[in-house]
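Remarks on the structure that follows.
Order of the sequence lines fixes the chain letters, A, B, ..., with proteins taken first and strands second; residue numbering starts at 1 for each chain. Keep in mind it's a predicted model, so treat the numbers as computed, not measured.
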Amino acid sequence: MSGENRPPAGADADGPADGGPPEQLALIRETVRKAKAPRAKPRTWRGAALAKELPVARIVVNKGVLHLDRYFDYAVPEELDETAQPGVRVRVRFGAGSGQVRDGRREGGRLIDGFLVERLATSDYTGPLAALADVVSPEPVLSPELLALARAVADRYAGSLADVLQLAVPPRSARAESRPSPAPLPPPAAPEPGSWTRYERGPAFLESLARGGAPRAVWNALPGPSWAEELARAVAATLASGRGALVVVPDGRAVARMDAALTAVLGEGRHAVLTAEAGPEKRYGQWLAVRRGAVRAVIGTRAAMFAPVRDLGLVAIWDDGDGSHSEPHAPQPHARDVLLLRAAHDRCGFLLGSLSCTVEAAQLVESGWAAPLVAGREQVRAAAPRVRTVGDEQLARDEAARAARLPSLAWEAVRDGLRTGPVLVQVPRRGYVPRLACERCRTPARCRHCAGPLEAPEQQELRCGWCGRGAPDWHCVECGSVRLRAQVVGARRTAEELGRVFPSVPVRTSGRDHVLDTVPGRPALVVSTPGAEPVAEGGYAAALLLDGWAMLNRPDLRAGEEALRRWIDAASLVRGQGEGGTVVVVAEPTLRPVQALVRWDPVGHAQRELAERAELGFPPVSRMAAVAGPVDAVLGFLASAPLPPDAEILGPVPLPVVRPGGPTRPGDPPAGESWERALVRVPPGSGAALAAALKQAQASRSTRGPVPPIRVRVDPPDIG
DNA sequence: AGCACGCCGACT
DNA sequence: GTCGGCGTGCTC
């Protein structure tokens, strides 16, 4: 299906996937030590009895601090010899105070958790080794594969191994560990291709998996509910080859659908579900069943991306554009990139599926690393609804629309739809912040120097949100207009008024705090925020996508892609145009994402976005990192970081101050403090050097005295 | 981050 | 002499 297994562009093409170079300081110190004293047999305080074979244990300690991101050697006491095997959890004394001996025990170190990485005959460390305090449990939870993956993720995101391990290995539950896992089942028969026949290379993809191959594909799924079953068949094909499979989906609803689909295709007992919802003990039990090889297929939300599946044959991610694939805990890895690293490392199959298409997905195809898995146009036309647009000019001319606050085309679509079934109305969430755009043609206003988004904070001077330079003489590059606008629309009110326009029809709502899973096929108005749309029995007769303008003008590089994804996701719940399914989107028909929706061409949209990002030096073609903190600290940090010569620093610019007691998001500065943020941008190929530099600067920073806090994030998701 | 060591000034 | 200030450096 695709060529040899070189690493994917944009993922780890420019990063050492296997460990990375040792830091220079450590290297020098190591050399000096070796010169002074050759490898020593371990001596412990007071010479307690040690294991006879391989008396040294290499430990990774559970401390996320970056200057402790290396291994520490400990002596293995005789009584722990048997259980102290690679991969087990251990407790060790760790901390300052070397050389304090009292009663034959070393004092001063605190007991902390860690993992045993390997057993060795000798240590490079010249001092006397402390002894392992305890082996927590004989369960080898950290396999060499998982360790290598965690190392690669830490390097890619300028984070520490310990932080990644915290995400990758769930907390222990002794009860779950003591329960035996079920006996593994023999591989099932290869499945029929089913609805994969709708895709040109679908059956071939399944056959390759079933034969033990490692095909890699970016799959643009046809609208409708079949994707879960199709993913389940890909899993089944992989199991048939005697290998394991892993599927990561964005949320609990998608997990439930995959769970049902896998049960239908494979029967009971062949797959594990890894979600946080299950509670720690149950989750650890499932995780253990996977690690022990009792279960070979895994589905779950993002934490499952590290699932220790044995003999991995396929990693798959569904809807990679969904924000919940981004891990909020340090170092904030994205499930797509973790799975890319796994695919490259384990040389297994890779499947990225979505109804829509991200720029990153397009890049995987563009670079040749993955093959496109798409349906022909006639399949798309049959499955997708008819899409019509209502632009602002049309809206302005439409007297009836102004009076009723509803364009007549939209009114007709709702009225006609309600004759045969439910009608979906999508309204943007409140809190969507539109960004500045040309008043006439709606082209986003960008900085002349770095192409960042322009902002006018609190009616102040117009300036760039990235580099902070002012833009007093801005004019639109497309049409020459000098006027800007930012519009916040009364979306909810419009939806409420819809209910008044159709008083005899029940109105149901689905949103953040109250999400409906399904609605019956009877006529009803279903008002929903993006992502919370219920599935309608038999499909919606029509959908109304309101206030596209607000969706498209958020101050985010992904605004267009995200709006299109939200629209496609909603429109995919509508019947195909053969059955009369109609979608009306209220947005300017000349805009690229709107046109892509009308043509139902998310892949083409992503390809054009990718070309543009390459031209403007935007991620994912370039790689960026964000450095946030008090302005002096940010500047000092950047000055001390050994950035690659091709790195470009944008800003810093002030971040919005969080009001005490106000809403906070992870990553926000502490309430009341004024922080600034700089962006560091490097061209393709320098991503690994950037991450290494940021890591080193963080490590040397924390060794010297109390320092003001700094937040570093590789691949920040919210750059304007 | 902790935590201990060490090299300087005021105290019993 | 020796108690303890916190500046500096290490953690197997």
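A straight line from CZ of A:Arg91 to P of C:dC12 spans 15 Å, rounded to a whole angstrom. Between the CG atom of A:Asp163 and the P atom of B:dA1 there is a distance of 14 Å, given to the nearest Å. Atom CZ in A:Phe94 sits roughly 8 Å away from atom P in C:dT11 (whole-Å rounding). To the nearest angstrom, P of C:dC12 lies 16 Å from CG of A:Leu50. Note: CD1 (A:Ile112) to C1' (B:dA1) measures 11 Å, nearest angstrom. Summarising the geometry, the separation between CZ on A:Arg93 and P on B:dG2 is reported as 17 Å, rounded to the nearest angstrom. The CZ atom of A:Phe72 sits 6 Å away from the C1' atom of C:dT11 (whole-angstrom rounding).
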Can you give me every donor-acceptor pair (side chain of residues 57-65 of chain A, partner residue at least two apart or in another chain, under 3.5 Å) with its distance?
residue, atom, partner, partner atom, Å
A:Arg58, NE, A:Asp73, OD1, 3.0
A:Arg58, NH2, A:Asp73, OD2, 3.3

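Between A:His334 and A:His325, the ring-plane angle classifies as tilted under the 30° and 60° cut-offs.
By the stacking rule of 5.5 Å between ring centres and under 30° between planes, A:Tyr125 stacks on the base of C:dC12.
One finds the CG atom of A:Leu340 at 4.0 Å from the CZ atom of A:Phe350 (value rounded to the nearest 0.5 Å).
Listed pair A:Arg58 / C:dC12 fails the phosphate criterion, with no side-chain N or O lying under 4.0 Å from OP1 or OP2.
Considering only side-chain atoms of A:His67, the nucleotide from C:dC12, B:dG2, C:dT11 that sits closest is C:dT11. Here the nucleotide nearest the side chain of A:Asp73, chosen from C:dT11, C:dC12, B:dG2, is C:dC12.
Looking at heavy-atom distances under 4.0 Å, A:Leu68 makes contact with a base.
Among residues two or more places apart in sequence or in another chain, the salt bridge (charged side-chain N to carboxylate O under 4.0 Å, His left out) test is passed with A:Arg283 by none.
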